[in-house]
Asker: 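I am attaching a structure below and will ask some questions about it afterwards.
All values below were derived from every heavy atom in this structure, side-chain atoms included, with hydrogens, water molecules and symmetry-related copies excluded.
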Amino acid sequence: QVQLVESGGGLVQTGGSLRLSCAASGRTFSRYAMGWFRQAPGKERDLVAAISWSGGNTYYADSVRGRFTISRDNAKTTVYLQMSSLKPEDTALYYCAAGYAPQRTHVYTSDWARYDYWGQGTQVTVSS
């Protein structure tokens, strides 16, 4: 089992920044690829960013590339999502997820079934 707890959400104005954190506990965090997802009211859940367990491979959705940065600190068993130049359309509940990865380079971008564990989410609201 891996337990995930997100934090860092809140209310921010357009153009502002937030850093989300996802603290993991349980099994060996450093063998899990991680992802940040978001879901806005009435919309489907979308993958925002993902990172391999080595941290060397990342993925970003087109809508956030250049504004968001995913990173991880395996010693602290935490993954981060630095969000800058926030827009009202970034408003959503943000979730982190973990999926066991056999290789250090694996990043799960399309096969979401690879993500075995999910957090409860943290709300991000961007005011216009």
Asker: Can you measure from CG (Asp90) to OG1 (Thr125) and round to the nearest 0.5 angstrom?
Answerer: 11.0 Å

Asker: Checking Arg38 against Tyr95: charged group under 6.0 Å from the ring centre and within 45 degrees of the axis?
Answerer: no

Asker: Looking only at non-hydrogen atoms, find the nearest pair between Val79 and Trp36 and report the distance.
Answerer: O-CZ2, 3.8 Å

Asker: Checking Ser127 against Gln13: is there a side-chain donor and acceptor pair closer than 3.5 Å?
Answerer: no

Asker: Measuring from Asp73:CG to Ser21:OG, what's the distance to the nearest 0.5 Å?
Answerer: 10.5 Å

Asker: With rounding to the nearest 0.5 Å, note down the distance linking CD in Gln103 to CG in Asn57.
Answerer: 10.5 Å

Asker: Closest heavy-atom contact between Ala40 and Thr91?
Answerer: CB-O, 3.7 Å

Asker: One pair to check against salt bridge (Lys or Arg N to Asp or Glu O under 4.0 Å): Arg65 and Asp62. What are the steps and the verdict?
Answerer: CA-CA 5 Å; Arg65 188 174 294 115; Asp62 289 343; 2.6 Å; yes

Asker: If you draw the axis of the six-membered ring of Trp112, does the NZ or CZ of Arg45 fall within 45° of it and under 6.0 Å from the ring centre?
Answerer: no

Asker: Cut-off 3.5 Å, side chains only: do Ser52 and Ser54 have a donor facing an acceptor?
Answerer: yes

Asker: Might you point out which heavy atoms bring Leu20 and Thr122 nearest each other, and give the distance in Å?
Answerer: CD2-CG2, 4.0 Å

Asker: Treating Trp118 as the side-chain partner and Cys96 as the backbone partner, does any N or O pair qualify as donor plus acceptor under 3.5 Å?
Answerer: no

Asker: Nearest 0.5 Å please: distance from the OG atom of Ser7 over to the OH atom of Tyr80.
Answerer: 9.0 Å

Asker: Rounded to the nearest 0.5 Å, how far does OH of Tyr100 lie from CG of Asp116?
Answerer: 11.0 Å

Asker: Minimum heavy-atom separation for Gln120 and Glu6, please, with both atom names.
Answerer: N-OE1, 3.1 Å

Asker: Does the ring center of Tyr59 lie less than 6.0 Å from the ring center of Tyr108?
Answerer: no

Asker: Does Arg72 make a cation-pi contact with Tyr32, if we ask for NZ or CZ under 6.0 Å from the ring centre and within 45° of the axis?
Answerer: no

Asker: Inspect the surroundings of CZ in Arg114 and state if more than 12 heavy atoms from other residues, nucleotides or ligands are less than 6.0 Å away.
Answerer: no

Asker: What's the shortest heavy-atom distance between Ala101 and Trp53, and which atoms?
Answerer: O-NE1, 3.0 Å

